[in-house]
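A quick note: this is a predicted structure, and the numbers were derived from the prediction, not measured.
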Amino acid sequence: MLDIQLIRNDLDAVAARLATRGVALDVATFRALEDERKRAQVRTQELQARRNAASKQIGEIKRTGGDAAALMAEMGAVGEELKQIEAGLDAIQSKLNDILLTIPNTPHASVPVGKSADDNVEVRRVGEPRRFDFPVRDHVDVGAGLGMLDFDAAVKISGARFTLMTGPLARLHRAIAQFMLDVHSGEHGYSEVYAPYLVNAESMRGTGQLPKFEEDLFGVPRADGGKFYLIPTAEVPVTNIVRDTVLAADRLPLKYVCHSPCFRSEAGSYGKDTRGMIRQHQFDKVELVQIVHPDSSYECLEALTGHAESILRRLELPFRTVTLCTGDMGFSAAKTYDIEVWLPAQNAYREISSCSNFESFQARRMQARYKGEKGRNELVHTLNGSGLAVGRTLVAILENFQNADGSVTIPQALRPYMRNEPLIRRA
RNA sequence: GGAGGGUUGGCAGAGCGGUUGAAUGCACCUGACUUGAAAUCAGGCGUACCCGCAAGGGUAUCGGGGGUUCGAAUCCCUCACCCUCCGCCA
């Protein structure tokens with residue numbers, strides 16, 4: 001959520017910044033609603049002040065044994081008007097709030113202006129894609145060849161966009177997550193978190209998934225008629241740890257790492273990445289979340305991105321990092337780096353992590369604050385990034401480390417988690 | 001699932017439907033005293049919002065929402081959460 005004060009004071013500038021990401025802010029409607037709001041609010045508060053004063057007076061008269069009937073009758077009428085005008089004010093404010101909740105974040109000045117992924121800017125490229133002296137198979141064929149990746153079973157059990165892994169491959173999947181958790185908690189200073197996978201609507205609103213992206217989420221009905229949502233990323237429960245709290249300044253930064261399954265409906269992505277486990281309804285991810293002082297959030301974004309990249313370095317997987325352009329950024333982000341891993345079968349770099357600084361956008365929705373230098377409550381800045389997507393990391397290993405005989409070499413860094421086996425091969 | 005109890009300011013804890021934004025204690029801030037500290041004394045000390053160039057004024061807020069009333073922390077309804085006991089259960 002953007003700062004309403006900022007929008008009021010500099011509506012045109014905000015609209016211009018939003019335009020760079022292809023979003024048209026209805027300036028006229030906003031202005032009209034604001035005017036209405038101001039009028040209704042002033043009038044409401046005037047009437048309330050009068051009522052408060054008169055009620056005090058009535059109490060005084062009654063205590064001294066006088067007759068307050070006339071004043072009470074008059075206030076009865078004021079009460080009627082007040083009720084109406086208050087209802088009007090509520091309506092205007094919720095309309096304004098609805099608009100506010102659907103306006104995306106404004107891009108940081110350093111974000112390249114562009115329309116689509118084609119306009120993203122590469123900031124670095126690490127590692128050399130391997131040259132294969134045999135026909136490269138994609139991860140589906142490699143996994144099926146091992147007899148450990150079974151999409152037919154997954155379809156039978158659940159349907160499309162699910163995965164079933166068995167044996168050493170399932171273990172490798174677990175090993176990847178363990179490895180990431182160990183690196184981030186042991187070496188990068190993140191505190192490990194176990195969090196709920198079902199969350200309430202308030203949490204989804206806090207991080208920005210609601211109200212605008214409900215169709216991307218899985219909902220779960222509650223017996224009491226309410227509704228849970230399956231988390232699309234651990235970002236949601238973990239960031240919401242600080243919802244509605246005021247943190248002591250010396251507690252910042254908070255750094256959390258959380259391994260969780262993620263559930264996405266993938267509505268609107270029909271036909272995209274239908275083969276294999278690139279785009280699934282359920283996948284695992286190790287998520288990094290930072291809650292930081294506003295002055296340091298961009299340094300923290302660089303650090304966090306580096307933490308995510310370090311996993312790929314250790315796994316010896318080639319990757320590149322790009323700055324998303326204004327048109328390709330997510331709703332809540334002010335700046336995002338995508339890390340893309342090399343997939344030889346696709347002959348392309350594919351997203352494996354997305355690291356963003358949300359500045360105060362989520363914090364304002366969540367009312368996540370810290371006690372500032374002058375004793376004022378200030379909004380924190382929030383960041384997060386995948387560190388990394390577990391399934392896609394597995395895909396990258398299967399493709400980059402495949403051998404001519406159908407076996408897969410286990411990257412050195414993961415061997416301690418794999419009983420020190422150097423290979424996965426068909427049983 | 002059943003029965004009961006609770007939710008008040010940073011914490012503890014009062015609070016008859018009417019000078020209660022809320023006693024009191026603790027914590028915290030400023031000042032006085034002191035070489036310094038402690039103790040003591042005096043004053044201050046929630047949050048959000050609105051109007052205003054400012055000075056300043058006003059509104060809301062006692063778990064959330066709704067109602068009764070001229071007036072609600074106090075009465076009524078409802079929801080959420082917490083606690084205790086019983087049942088069931090990984």
Inset, instruction - Could you say whether A:G76 or A:D90 is positioned toward the 5' end of RNA chain B, judged by the nucleotide with the nearest heavy atom to each? - result: A:D90

Inset, instruction - Report the residue (A:G59 or A:Q48) whose heavy-atom-nearest nucleotide on RNA chain B is the more 5′ of the two. - result: A:G59

Whole-Å gap separating [atom2] ([N]) and [atom1] ([X]):
| X | N | atom1 | atom2 | value |
| --- | --- | --- | --- | --- |
| A:R43 | B:G58 | CZ | P | 18 Å |
| A:I61 | B:C70 | CD1 | C1' | 10 Å |
| A:Q367 | B:A48 | CD | C1' | 9 Å |
| A:D244 | B:A80 | CG | P | 18 Å |
| A:Q41 | B:G57 | CD | P | 19 Å |
| A:L379 | B:A48 | CG | P | 10 Å |
| A:E60 | B:G18 | CD | P | 13 Å |
| A:R205 | B:G64 | CZ | P | 17 Å |

Is the closest side-chain heavy-atom distance between [X] and [Y] below 4.5 Å?
| X | Y | result |
| --- | --- | --- |
| A:H184 | A:S191 | no |
| A:R174 | A:Y417 | no |
| A:F331 | A:Q209 | no |

Pair assignment for [N], Watson-Crick or G-U wobble, requiring both distances under 3.5 Å:
| N | value |
| --- | --- |
| B:C75 | B:G67 |
| B:U84 | B:A3 |
| B:A22 | none |
| B:U34 | none |
| B:U61 | B:G46 |
| B:G17 | none |
| B:C53 | none |

Can you check the distance between [N] and [M], where both ends of the measurement are the [atom1] atom (answer in whole Å)?
| N | M | atom1 | value |
| --- | --- | --- | --- |
| B:A37 | B:G44 | C1' | 23 Å |
| B:G21 | B:C26 | P | 24 Å |
| B:U61 | B:U8 | C1' | 12 Å |
| B:A39 | B:A32 | C1' | 14 Å |
| B:C41 | B:C51 | C1' | 40 Å |
| B:U78 | B:G52 | C1' | 41 Å |
| B:G13 | B:U7 | C1' | 14 Å |
| B:U74 | B:C62 | P | 8 Å |

With a 4.0 Å limit, can you tell me whether [X] has a side-chain N or O closer than that to the phosphate oxygens OP1/OP2 of [N]?
| X | N | value |
| --- | --- | --- |
| A:R51 | B:A60 | yes |
| A:R8 | B:C50 | yes |
| A:K83 | B:U69 | no |
| A:Q45 | B:G52 | no |
| A:K38 | B:C51 | yes |

Inset, instruction - May I ask you to check whether A:Y337 and A:E302 show a side-chain donor-acceptor distance below 3.5 Å? - result: yes

Legend entry - Distance-only donor-acceptor check, side chains A:E351 and A:S353, under 3.5 Å: no

Taking the minimum atom-to-atom distance to the side chain of [X], which one of [options] wins?
| X | options | result |
| --- | --- | --- |
| A:S55 | B:C50, B:A48, B:G18 | B:G18 |
| A:N377 | B:U47, B:G71, B:C50 | B:U47 |
| A:N52 | B:A60, B:U47, B:C50 | B:A60 |
| A:R37 | B:G71, B:C50, B:U47 | B:C50 |

Inset, instruction - Using the six-membered ring of A:Y370, assess whether NZ or CZ of A:R251 lies under 6.0 Å from its centre and within 45 degrees of the ring axis. - result: no

Would you mind classifying the nucleic acid contact of [X] as base, sugar-phosphate or nothing, using non-hydrogen atoms under 4.0 angstrom?
| X | answer |
| --- | --- |
| A:R364 | nothing |
| A:K62 | base |
| A:R39 | nothing |
| A:I58 | base |
| A:A49 | sugar-phosphate |
| A:R50 | nothing |
| A:M75 | sugar-phosphate |

Inset, instruction - Examine A:H281 together with A:F263 and report whether their ring centres are nearer than 6.0 Å. - result: no

Inset, instruction - Assert yes or no for the condition that the ring centre distance of A:F358 to A:H381 is strictly below 6.0 Å. - result: no

Legend entry - Distance in Å, A:R51 CZ paired with A:L82 CG, rounded so as to fall on 0.5 Å steps: 5.5 Å

